[in-house]
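When reading the values below, keep in mind they use all heavy atoms of this one structure, side chains included, and skip hydrogens, waters and symmetry mates. Just so we're on the same page: letters track the sequence lines, and every chain starts at 1. Being a predicted model, the structure only gives us computed values, none of them experimental.
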Number of protein chains: 2
Amino acid sequence: MVTLKDLAKEVGVSVATVSRVLNNSGYASPEMRKRVMQAAERMNYKPNEVARALNTSRSNIIGVLVPDISNPYFPKVIRGIEDEAIKNNYRILIGNTDHDFDKESKYLEIFNQNNCAGIISATWTVTRQDNLTTRPVVLLDRVVKEHISIEADNLKGGKLQAHHLIQQGVHHVLLIKGLEDYSSFENRTLGSREVLGENQVPYEILSHTALNGTLESGDIAFLEKFDGIICPNDLVAYRVLNVLINHGVSVPDQVKVIGYDNLDFSQYVYPSLTTIEQPIYQLGRNAFKMLMKMNQGIEVESEVLDVKLIKRNST
Amino acid sequence: MVTLKDLAKEVGVSVATVSRVLNNSGYASPEMRKRVMQAAERMNYKPNEVARALNTSRSNIIGVLVPDISNPYFPKVIRGIEDEAIKNNYRILIGNTDHDFDKESKYLEIFNQNNCAGIISATWTVTRQDNLTTRPVVLLDRVVKEHISIEADNLKGGKLQAHHLIQQGVHHVLLIKGLEDYSSFENRTLGSREVLGENQVPYEILSHTALNGTLESGDIAFLEKFDGIICPNDLVAYRVLNVLINHGVSVPDQVKVIGYDNLDFSQYVYPSLTTIEQPIYQLGRNAFKMLMKMNQGIEVESEVLDVKLIKRNST
DNA sequence: TTGTATGCGTTATCAG
DNA sequence: CTGATAACGCATACAA
């Protein structure tokens, strides 16, 4: 590996001068600048980021926390973050937390140990961790007050779900709740309930975990009590559709199902899934941009991106 | 951040001693060991990985190259790598190459600049890059001779695809080829052709790119010439199924479709997709294990994992 | 068995 | 405008 010292020797100057030229910091005569730049080019010099990170106590790596990268929602977010990061000469270190406080804690420690420049987290407990650094944190799709976050409009999304079902003429709704304690899921539920209530449409709430039991036991009798089912995300909707169809329940005639996220696959399931689209990729990109601003000391505010209904054949 | 020096001061010994105890290198009296360990615990000392990486010219980060993390095949691979990595106190840095030689080249440079301990690459051109380091590389699902790699048995997979279709009584097959120059796709095609030939089943080959044209134009007449379609992966199969179904072609009665990968969604598409399952997660885990062995100077051989047919309703 | 000193590759603070 | 030089936090060869 060619180092600053090699370069300096080649040009016949001190490392200090070379460093200044390369970083555009401090003075350097135009002529000097030219000589150094050319030599750097010629020798294909690339600064060692480890040394730089040690010296400045700040690497160009940002930590990214997700519950599980296998969940198809996250790769898109990550791709958004990574695209924006690489453009700014940053890299991302990924951690899967599985909603586990201790795992999360460990990753935060790791981010510290690597002098990470910041953190983007899709797992909110991060805000309860006491070894959280002074480095900037952006919460993604998780809102916690006093913290900077970015999300798609979950309240609106939840409303849209209910609105659409009502428009399609449902009279008895099953509202499946997502993960507890996650603002995004709670707000969706809130939005749906609000609209359902306003329209005096009776509904029942089922927790995510209870759903698993229902689905596994294939308790169709229970599901058939409803003519509309609101799912917390597309993944859950796939499973609901699957059980319904396999038991000969006709969708959307007998029961209408609506998802949330608009994953790429939702157009291929049967019947194709009506859902709420959120700008997943954009969420990632913007999160990174916010982080950069925070690093520059610029004041940033939490962002809320828009969502919209995608009508397909399940409703 | 508490450093070695802080710890040393606390215990009242030199940093060297502390370092030796913590790394289990060199001598240290049992008593000294105890005192240091306790202090480390008490002060919650965590070594700075940046400093360590600079000192040893080797970080505990490994670079992972994938074409695009949004492609649902890769998150599982990555999860496998990451799970195994974290267990061994390693972290992963991810790069999306989009099959672009220059992007790939840039990431390799970045891995160097970060003293990465090794590279796992799902993009084969990595072997043509001249700035490839001396650090170990494991190719994942891409085989290039003279390089260490791990893959699922693509030749067998291709054979299984053809075998199954033939068993289901097809007489005229459309064989869709995957990406050019990728050993995995080429071997699948090879396997299928071999079996098709042996059984004297006529077939036509369509390139991945040509398929796009067919699908977009909705050239059903062309597709209807066949009663069996072999797809290079599940993603392509979804699109084929979609066009077929939307045009009223009955699957599997009129034409049978088989995919490859067994992504999680393949059970939810309509009709549910018959496909070849490969141990994606395991591929990632083993790739990391191989890398570790290589780092320890242990001789490792390329691995080939087994695949199997998953019969569903599309055939 | 422990301590001293050096270097890893940079950046930044000083003099000159 | 440029050059020594001291950090950054750790590991290690060598001295004691």
Side-chain angles (χ1 to χ4, degrees), chain A residues 1-37 39-40 43-61 89 109-117 133 135, chain B residues 1-37 39-40 43-61 89 109-117 133 135:
Chain A
M1 216 183 66
V2 27
T3 70
L4 258 196
K5 211 203 285 190
D6 299 332
L7 241 191
K9 196 188 297 174
E10 167 82 5
V11 183
V13 295
S14 74
V15 293
T17 302
V18 177
S19 175
R20 268 182 310 234
V21 170
L22 262 26
N23 294 302
N24 252 318
S25 60
Y27 304 97
S29 67
E31 179 197 13
M32 181 81 280
R33 180 173 301 282
K34 196 171 144 196
R35 280 171 57 203
V36 171
M37 293 304 266
M43 301 179 73
N44 191 30
Y45 168 77
K46 303 287 174 189
N48 183 302
E49 303 192 343
V50 177
R52 186 177 275 179
L54 177 60
N55 183 293
T56 61
S57 312
R58 188 176 169 292
S59 72
N60 50 179
I61 295 177
N89 203 32
E109 199 72 70
I110 290 173
F111 295 159
N112 273 331
Q113 295 174 269
N114 284 277
N115 295 6
C116 285
T133 55
R135 299 175 205 280
Chain B
M1 213 183 67
V2 29
T3 71
L4 258 197
K5 211 202 287 190
D6 299 332
L7 240 190
K9 196 187 300 175
E10 167 83 4
V11 184
V13 295
S14 74
V15 293
T17 302
V18 178
S19 174
R20 269 181 309 235
V21 170
L22 262 26
N23 293 302
N24 251 319
S25 61
Y27 305 95
S29 68
E31 178 197 12
M32 180 83 280
R33 178 172 304 281
K34 197 171 143 197
R35 278 172 56 204
V36 170
M37 294 304 266
M43 301 180 73
N44 191 30
Y45 169 77
K46 304 287 175 187
N48 182 303
E49 302 191 345
V50 177
R52 186 177 274 177
L54 178 60
N55 182 300
T56 62
S57 311
R58 186 177 171 291
S59 73
N60 49 179
I61 296 177
N89 204 32
E109 200 73 68
I110 289 172
F111 295 159
N112 274 328
Q113 294 173 268
N114 284 279
N115 295 5
C116 284
T133 54
R135 300 176 206 277

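- B:V50 comes within 4.0 angstrom of nothing in the nucleic acid, heavy atoms only.
- Counting non-hydrogen atoms under 4.0 angstrom, B:T3 reaches the backbone sugars and phosphates but no base.
- We find that CG of B:N115 is positioned 12 Å from C1' of C:dT10, with the value rounded to whole Å.
- Counting heavy atoms of neighbouring residues, nucleotides and ligands inside a 6.0 Å radius, atom CE of A:M32 exceeds 12 of them.
- The nearest heavy atom of DNA chain C to B:E31 and to B:L54 marks one nucleotide each, and the one closer to the 5' end goes with B:E31.
- No side-chain heavy atom of B:L4 sits under 4.5 Å from any side-chain heavy atom of B:N48.
- Comparing B:A28 and B:A51, the nucleotide of DNA chain C nearest to each residue sits closer to the 5' end for B:A28.
- Within the 4.5 Å cutoff, side-chain heavy atoms of B:N24 are placed close to those of B:R33.
- Within the 4.5 Å cutoff, the side chain of A:N114 has heavy atoms near those of the A:I110 side chain.
- Contact check for B:P47 versus A:Q113: side-chain heavy atoms found under the 4.5 Å cut-off.
- Taking the 5' to 3' direction, DNA chain D first and last meets chain B under 4.0 angstrom from a heavy atom at D:dG9 to D:dT12.
- Under the 4.5 Å side-chain criterion, counting only non-hydrogen atoms from C-beta, A:L22 is in contact with A:Y45.
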What nitrogen or oxygen pairs link the protein and nucleotides 11-14 of chain C at under 3.5 Å?
residue, atom, partner, partner atom, Å
C:dT11, OP1, A:N23, OD1, 3.2
C:dT11, OP1, A:N23, ND2, 3.2
C:dT11, OP1, A:R52, NE, 2.7
C:dT11, OP1, A:R52, NH2, 2.9
C:dT11, OP2, A:S19, OG, 2.9
C:dT11, OP2, A:N23, ND2, 3.0
C:dT11, O4', A:N55, OD1, 3.0
C:dT11, O4', A:N55, ND2, 3.3
C:dT11, O2, A:N55, ND2, 3.1

